[in-house]
Protein chains: 2
Amino acid sequence: MANIREVAKKAGVSVATVSRVLNHPHTVSSPTMELVLATMEKMQYTPNGLARSLALNRSSTIALLIPNILNPLYPQVAKGIEDVAHQKGYNILLCNTEEKQDKEQDYVEMLLEKRVDGIILTASQLKEKDIQKIKNQNIPLVLIGRNIENMEANMVFTDYYMGAYQMTQHLIEIGYREIAHITGLKCQEESKEKLRGYERAIQEAGISLKNNWIIEGDNEIEGGYLGAKKLLRLKEPPQAIFAANDLMAIGAIDAIKSNGLTIPGDIAIVGFDDIKMASLVEPKLTTISQPVYKMGLIAARLLFESIESKHNEEEFNQKIFLQPKLMVRKSCGHEDRVREIFN
Amino acid sequence: MANIREVAKKAGVSVATVSRVLNHPHTVSSPTMELVLATMEKMQYTPNGLARSLALNRSSTIALLIPNILNPLYPQVAKGIEDVAHQKGYNILLCNTEEKQDKEQDYVEMLLEKRVDGIILTASQLKEKDIQKIKNQNIPLVLIGRNIENMEANMVFTDYYMGAYQMTQHLIEIGYREIAHITGLKCQEESKEKLRGYERAIQEAGISLKNNWIIEGDNEIEGGYLGAKKLLRLKEPPQAIFAANDLMAIGAIDAIKSNGLTIPGDIAIVGFDDIKMASLVEPKLTTISQPVYKMGLIAARLLFESIESKHNEEEFNQKIFLQPKLMVRKSCGHEDRVREIFN
DNA sequence: CTGAAAGCGCTAACAA
DNA sequence: TTGTTAGCGCTTTCAG
């Protein structure tokens with residue numbers, strides 16, 4: 001494959017000139033310019049980006065780590081990020097961590113070697129010291145969906161605590177008292193936040209928490225199915241199940257139906273995320289909506305601010321806190337409940 | 001950031017030795033080894049992958065181009081690819097082309113400069129000469145979901161023609177004669193194949209093709225919605241709609257329902273792909289299933305075969321042809337129809 | 001088992 | 001406006 005030297009030789013100019021037509025076209029006379037361009041064309045010259053990156057110390061690549069590409073939430077985030085990255089002329093390295101901390105660490109290691117210009121971590125399970133390692137290497141970083149209290153870093157997240165609190169409260173308002181919670185992976189901050197919100201709402205209502213009504217799920221349909229089955233086998237099964245994400249809620253719906261029970265007649269189900277499927281399933285799922293595409297967009301913008309200001313020695317460490325929104329649909333039996341209560 | 005020379009100096013060895021402990025550990029004595037390793041650790045040394053790639057002429061990165069990351073089909077493909085790439089120690093550059101040919105070309109350009117070790121194109125809209133350009137650069141390539149008759153390249157695809165033919169035939173068998181088709185983007189080979197399958201089944205049944213029953217969609221929910229609305233406004237609306245993918249079928253379902261009609265009572269809807277949503281919507285969607293995760297897996301394996309054999313001057317140009325499968329669910333009214341016909 | 005040095009392809013400072 | 005050349009950080013050949 002032709003390189004810059006061969007092009008230069010064939011065009012009868014120096015490599016510097018060839019480099020200039022690529023990088024600073026205005027500093028080169030137009031006859032030379034045309035000559036070089038023509039030569040490149042003729043030789044099918046494709047500049048070697050690796051060499052370029054090495055010389056410039058900039059790879060024009062950012063990395064996105066997500067826990068599960070099969071959860072429709074993350075493609076939305078990815079879309080938001082891609083939209084701004086592509087416009088900036090950057091490529092995205094996609095890393096699917098499968099909710100595994102060690103795979104996530106593994107990837108971070110690779111990314112640091114690849115000298116990516118920035119990293120976006122979504123729902124990261126990394127320990128603070130691992131995250132600190134990224135910061136030590138001085139590579140711009142944005143966390144999505146995770147708030148680390150005492151760390152200087154860009155973060156954009158939804159108020160999971162509040163969302164879960166509101167959801168649980170809503171269930172209580174419409175008359176449920178026996179509410180179970182299928183959590184996400186307990187090792188995730190996000191799951192803990194949601195659990196806290198759930199617990200607070202329960203306790204504020206003077207209901208006592210039951211430990212066997214809190215079940216750890218895996219953030220996937222399967223886990224919701226299993227969790228719901230487990231709850232149904234209990235001597236005192238709950239009247240309502242709050243799943244920490246929509247995928248698990250959908251799994252739970254499946255489980256309940258397969259037991260011959262109706263939703264919300266026999267048992268109510270609610271989720272979290274408001275993925276598209278949520279309004280497609282039968283009954284339509286009551287859930288908490290978070291603006292994921294927008295989160296991706298914002299995260300990417302923050303990242304590029306950091307990247308572009310990197311040489312100015314500035315520091316951008318913003319925490320952007322987005323409010324979730326309760327979407328009341330059919331699966332919680334809202335209308336029936338309200339009717340019962342007020343008539 | 002520390003580089004190999006600094007590590008070498010501090011450890012009191014040559015850069016060659018440091019390089020060796022990284023790349024050929026067995027060629028270095030164990031005391032030296034330990035010393036160097038300790039020094040690296042102490043200095044927080046992270047090897048520069050760009051320099052490494054430049055020297056080795058290998059980036060350990062492959063690229064995946066998909067038309068729409070928000071279509072759940074593609075994350076499945078991506079998962080299949082990621083599963084094998086990660087195991088091989090490769091990273092994936094994700095390129096979302098938004099079904100736009102120029103964005104796809106754009107990306108290919110960037111990828112060639114980045115010297116990716118291989119490219120996987122899904123549902124590509126590239127012209128043959130653009131694809132040929134990739135092959136000319138001698139970079140391994142796999143096409144997913146597109147069959148180019150006279151080209152030497154690895155391809156894995158579903159038999160779209162057959163799938164569409166079977167689907168249409170099934171509708172005809174259960175008694176429909178007035179069947180419309182919402183196509184994908186007409187510029188995609190895949191869409192053309194499906195259209196051909198539809199047309200053949202219609203004609204074989206002695207039904208005459210109606211041009212205003214063939215509507216171009218955009219492969220997204222929106223397009224299905226619009227297409228169905230348009231069909232409903234016709235003086236003679238069809239009894240059944242075959243959408244070229246599930247997303248459009250779901251949009252069509254929405255459109256029909258919003259017109260106060262029932263499915264399949266008033267009109268039948270069928271799709272193509274069998275994404276998870278298909279069995280979640282009401283009524284559950286009759287569709288054609290293609291093994292997308294597996295396609296990703298196979299494509300990745302083919303790609304790595306090419307990559308690994310590249311230096312052996314071998315050529316791998318396999319065409320892998322997978323059979324789609326008809327999934328009969330509720331939206332086509334199969335049972336009702338069969339009952340009507342045979343009772 | 002180890003070191004010196006050439007080379008991967010490009011950019012940019014400096015000189016002309 | 002253009003050319004010469006010293007890096008960027010690594011791998012590997014060749015010599016010892």
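Protein chains get the first letters and strands the later ones, always in sequence-line order, with residue 1 at the start of each. The figures here come from the full heavy-atom set of this structure, side chains too, leaving out hydrogens, waters and symmetry mates.
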Given atom [atom1] of [X] and atom [atom2] of [N], what is their separation to the nearest angstrom?
X: A:Lys114; N: D:dG9; atom1: NZ; atom2: P; result: 19 Å
X: A:Leu56; N: C:dC8; atom1: CG; atom2: C1'; result: 16 Å
X: A:Asn3; N: C:dG7; atom1: CG; atom2: P; result: 13 Å
X: B:Leu35; N: C:dG3; atom1: CG; atom2: C1'; result: 15 Å
X: B:Met1; N: D:dC10; atom1: CE; atom2: C1'; result: 15 Å
X: A:Ile4; N: C:dC8; atom1: CD1; atom2: P; result: 14 Å
X: B:Arg20; N: D:dG9; atom1: CZ; atom2: P; result: 21 Å
X: B:Asn23; N: D:dT12; atom1: CG; atom2: C1'; result: 10 Å

Discussion item. Can you tell me which nucleotide in D:dG3, C:dC10, C:dA5 comes closest to the side chain of A:Arg52?
Written reply: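 Of all the options, the side chain of A:Arg52 is nearest to C:dC10.
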Discussion item. Taking the minimum atom-to-atom distance to the side chain of A:Arg5, which one of C:dA5, C:dC10, C:dC8 wins?
Written reply: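 Among the listed nucleotides, the one closest to the side chain of A:Arg5 is C:dC8.
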Worksheet entry | Residue closer to the 5' end of DNA chain D, A:Val28 versus B:Ala51 (nearest nucleotide) |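 Closest to the 5' end, via its nearest nucleotide, is A:Val28.
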Under 4.0 Å, counting only non-hydrogen atoms across every strand here, what does [X] touch: a base, just sugar-phosphate, or nothing?
X: B:Ser29; answer: sugar-phosphate
X: A:Val18; answer: nothing
X: B:Leu54; answer: base

Worksheet entry | Residue whose nearest DNA chain C nucleotide is more 5′ - B:Arg115 or B:Thr27 |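 On the 5' side of the pair lies B:Thr27.
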Decide, yes or no, whether a salt bridge links [X] with [Y] under the criterion of side-chain N to carboxylate O below 4.0 Å.
X: A:Glu98; Y: B:Lys79; answer: yes
X: A:Glu109; Y: A:Lys114; answer: no
X: A:Lys88; Y: A:Glu308; answer: yes

Worksheet item: Would you say the side-chain atoms of A:Asp117 pair up with the backbone N or O of A:Ser60, donor to acceptor, closer than 3.5 Å?
Response: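 Side chain of A:Asp117 to backbone of A:Ser60: a pair is present.
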Does [X] make a side-chain N or O approach to OP1 or OP2 of [N] shorter than 4.0 Å?
X: B:Ser53; N: C:dC8; result: no
X: A:Arg58; N: D:dC8; result: no
X: A:Ser19; N: C:dT11; result: yes
X: B:Thr17; N: C:dG3; result: yes
X: B:His24; N: C:dC1; result: no
X: B:Asn57; N: C:dC8; result: no

Worksheet item: Relative to the ring of B:Tyr107, is the ring of A:His86 parallel (under 30°), tilted (30 to 60°) or perpendicular (over 60°)?
Response: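 Correct class here is tilted.
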Discussion item. Salt bridge (charged side-chain N to carboxylate O under 4.0 Å, His left out) for A:Glu82 and B:Lys103? Distances and angles first, verdict last.
Written reply: CA-CA 12 Å; A:Glu82 202 265 352; B:Lys103 193 169 174 194; 3.0 Å; yes
